[in-house]
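Beneath this line is the structure, given in structure tokens, with notes to follow.
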Amino acid sequence: MLDMIKRFIYHYNNMRWARGRHETYLCFVVKRRIGPDTLSFDFGHLRNRTGCHVELLFLRYLGALCPGLWGYGETKLTYSITWFCSWSPCADCSSKLAQFLRQTPNLRLRIFVSRLYFCDREDGLEREGLRMLKRAGVCPVMDWRPVQGVPPHIMPNDS
DNA sequence: ATTTTCAAT
Ligand SMILES: [Zn+2]
């Protein structure tokens with residue numbers, strides 16, 4: 001148990017040069033309004049596997065986490081999901097995720113990240129991917145203390 | 001800091 005906490009602190013530590021974090025953690029919270037005063041609540045965490053980034057791994061679990069998301073007959077249920085990721089999504093995951101979210105308007109997703117993944121170059125694909133996510137309705141935010149040398153507003157704030 | 005990164009050895 002203590003080892004797990006130490007591992008989480010290590011991987012979620014938002015330092016500028018995070019040497020050795022060769023994996024990504026994703027903690028999630030899944031909620032659905034089931035009454036005027038009641039929310040369903042589920043949570044858990046995932047790690048990337050070899051050959052599968054954790055964001056796309058999450059999508060594979062989505063059907064089990066969100067029964068009815070794609071409909072019980074006519075009715076599609078609405079879910080709200082929050083991610084807490086140690087790295088921000090890469091360009092490919094951002095692109096796939098944005099496309100998925102556009103096809104699933106009854107899913108609300110917000111993302112908190114500890115560190116920006118390959119976002120140093122002003123014109124990099126990773127930055128553009130985050131902007132795509134924002135246009136798809138999800139805004140990744142840095143909600144830990146600001147990363148040294150990287151102001152929070154390098155996160156997508158244009159268009 | 002000329003630092004790192006969902007590894008590759
Ligand atoms: Zn990815």
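Taking the side-chain contact (heavy atoms from CB on, under 4.5 Å) definition, one finds that A/Tyr61 meets it with A/Leu46, A/Arg49, A/Leu57, A/Leu65, sequence neighbours left out. A search for ring-ring contact (aromatic ring centres under 6.0 Å, His included) contacts involving A/His53 returns nothing, not counting sequence neighbours. For A/Tyr72, the ring-ring contact (aromatic ring centres under 6.0 Å, His included) criterion is met by no residue, not counting sequence neighbours. Scanning for ring-ring contact (aromatic ring centres under 6.0 Å, His included) contacts around A/Tyr79 gives an empty result, with sequence neighbours left out.
Legend: side chain to side chain donor-acceptor pair (under 3.5 Å) pairs involving residues 89-100 of chain A, not counting sequence neighbours, sorted by first then second residue: A/Asp92-A/Lys96.
Nucleotides B/dT2 and B/dC6, compared at atom P, are 22 Å apart to the nearest Å.
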Which atoms of nucleotides 5-8 of chain B (N or O only) lie under 3.5 Å from a protein N or O atom, and what are those distances?
unit_1 : atom_1 : unit_2   : atom_2 : d
B/dT5  : OP1    : A/Gly20  : N      : 3.0
B/dT5  : OP1    : A/His22  : NE2    : 2.8
B/dT5  : O2     : A/Phe118 : N      : 2.8
B/dT5  : O4     : A/Asp120 : OD2    : 2.9
B/dC6  : OP1    : A/His22  : ND1    : 3.4
B/dC6  : OP2    : A/Tyr117 : OH     : 2.6
B/dC6  : O4'    : A/Thr24  : OG1    : 3.1
B/dC6  : O3'    : A/Asn48  : ND2    : 3.1
B/dC6  : N1     : A/Thr24  : OG1    : 3.1
B/dC6  : O2     : A/Val54  : N      : 3.0
B/dC6  : N3     : A/Glu55  : OE1    : 3.2
B/dC6  : N3     : A/Glu55  : OE2    : 3.3
B/dC6  : N4     : A/Glu55  : OE2    : 2.8
B/dC6  : N4     : A/Ser88  : O      : 2.6

